[in-house]
Number of protein chains: 2
Amino acid sequence: MSWHKDRRGERGYHHGNLKEALLQAALGLIAEKGPAGFTFADAARTAGVSAAAPYRHFRDRDDLLASIAQRGFEQFEATLTAAWDDGRPDTVTAFERIGKAYLNFARTEPAFYSAMFESGIPVDSSPELAAAGERAFAVIRAAAERLAALTPPGVTRPPAMMMALHIWSLSHGVASLFGRGDAARRKLPMSPEDLLEAGALIYLRGLGFPTDQNVHKSDTSTAPKSGPWGTAPK
Amino acid sequence: MSWHKDRRGERGYHHGNLKEALLQAALGLIAEKGPAGFTFADAARTAGVSAAAPYRHFRDRDDLLASIAQRGFEQFEATLTAAWDDGRPDTVTAFERIGKAYLNFARTEPAFYSAMFESGIPVDSSPELAAAGERAFAVIRAAAERLAALTPPGVTRPPAMMMALHIWSLSHGVASLFGRGDAARRKLPMSPEDLLEAGALIYLRGLGFPTDQNVHKSDTSTAPKSGPWGTAPK
DNA sequence: AGCTCATGTGAAGAGCTCTTACATGAGCCG
DNA sequence: CGGCTCATGTAAGAGCTCTTCACATGAGCT
């Protein structure tokens, strides 16, 4: 019984689930004060243990941050995979959905996003972290490959890998410059989503995809899933 | 005479130019260990003064960081302005040069770049900082406006402002994801410059610019060989 | 029941941030 | 030259955090 983490300090000598509690505490603190403004001791205090306790679970502060980043990448991958939905109903629509999901993740999970991209931890900090990041990118890359297969003949285009990197870069740029309203960010005369969508549409047009006329205005409300490009041929 | 900062501690009670020395020291430290790994005390030590001395020149650590960011934006603006060169010899060429200059700045001045974009200081930390950032962006925006004026008629395009934001986002995304080889960054099967150039070309093509692969080089030859993204795919 | 070891604690050293009281000397004024 | 004054430096200290110790606890196995 006493192992149970009652919310009112009713906790035995042992916490019972400290590692998880520390991750959660750190997430909350990062969301509040950014990845820089979170301290190991703070996470311990939030979890209700002494400042030394975390060292039983994480080598140091960076190790904790890396764990969060890894978990973030896993969740990110799941999010992107769901958005991609294997290219349904058509490749371009699904592709645009990935972009929205990207921004949405950055906005709704700023703590994860910060840990993943702005915390300064090296990507190769751990093989697991690198692998998780790789898997997340693989989703974008797979989508780019399907897109590449659809580019009209006669149009020169870069390798699918490069297309994926373009989209990732554009998305990350939008997200990190304007993605979070949470102060410290620049003001924008439009939503980040509109910005990204318009950019992506122009990019796709540059790859030879047919376009409708609404490049600068997201117009997804009325148009059914046939989307701006029509249904993708198989 | 004793005010002179001889390299061997031959320095009177007063430093003589501490503010500047602190900025330089901080720049060096940031370049070494990132914006997070630099401490006020460290900068003081590097400058050869007591830990309390910096407080005579900067309200706190963030104030110093903001000063560096501001100076960075001013230098950034100068760099971009030089690259743009008022659109000579032609708008698209000059535009591409801005992209290269962007990446080059991020690589050769990682300390400035970090302070400007990754240090977590709010943009409106000081009006001067915000203004400096605004002026730097204005260069890109002016270029985008010239570009917008050149888009072929009949092609829908977003406002110039949005085009500028697209380019900024793409550049920043490339720079911050892959821009600095200095560890902690992802490996890339190509140079960041090539990545950005290819992306920008596709984007421009999407705006209706006749960018067959070499158009940006103000060429005359229709030589098919390798463009910015290598040989044309299947 | 008794052992064992993962997990948590308190104390302590070292470093950083920032404040306060005091020291120095550069520039000015007569 | 002598003396003011104040910007700029210092030392010392309070209150943090980080990290490592030796030591305490109790969960789970035998």
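Below, read A as the first sequence line, B as the second, and so on, with proteins coming before strands; counting in each chain starts at 1.
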Between [atom2] of [N] and [atom1] of [X], the distance in whole Å:
| X | N | atom1 | atom2 | result |
| --- | --- | --- | --- | --- |
| B:Phe58 | D:dT8 | CZ | P | 12 Å |
| B:Asn17 | C:dA26 | CG | P | 15 Å |
| B:Lys33 | C:dG15 | NZ | P | 13 Å |

Exercise for the section: Look at A:His57 and C:dA6 and indicate whether a side-chain polar atom (N or O) is within less than 4.0 Å of OP1 or OP2. Expected result: no
Please check this pair: side chain of [X] against backbone of [Y], looking for a donor-acceptor N/O pair closer than 3.5 Å.
| X | Y | result |
| --- | --- | --- |
| B:Arg141 | B:Ala164 | no |
| B:Arg97 | B:Ala83 | yes |
| B:Thr81 | B:Glu77 | yes |
| A:His166 | B:Gly199 | yes |

Problem - Distance flag, aromatic centroids of B:Phe105 and B:Phe76, threshold under 6.0 Å - result: yes
Practice task
Specify whether A:Trp84 and A:Phe95 have parallel, tilted or perpendicular ring planes, treating 30° as the upper limit for parallel and 60° as the lower limit for perpendicular.
Solution key: perpendicular
Problem - A:Glu193/A:Arg107 ion pair, N-O < 4.0 Å - result: yes
Exercise for the section: Could you note down all residue pairs passing side-chain hydrogen bond (donor to acceptor under 3.5 Å, both in side chains) where residues 54-69 of chain B supplies at least one of them, sequence neighbours left out? Expected result: none
Exercise for the section: Please list, by residue number, the residues of residues 62-70 of chain B whose heavy atoms come closer than 4.0 Å to an atom of DNA chain D; answer none if no residue qualifies. Expected result: none
Practice task
Mark up nucleotides 16-21 of chain D, 5' to 3', with B wherever a protein heavy atom is under 4.0 angstrom from a base atom, S wherever such an atom reaches only the sugar-phosphate, and - elsewhere.
Solution key: -SSBB-
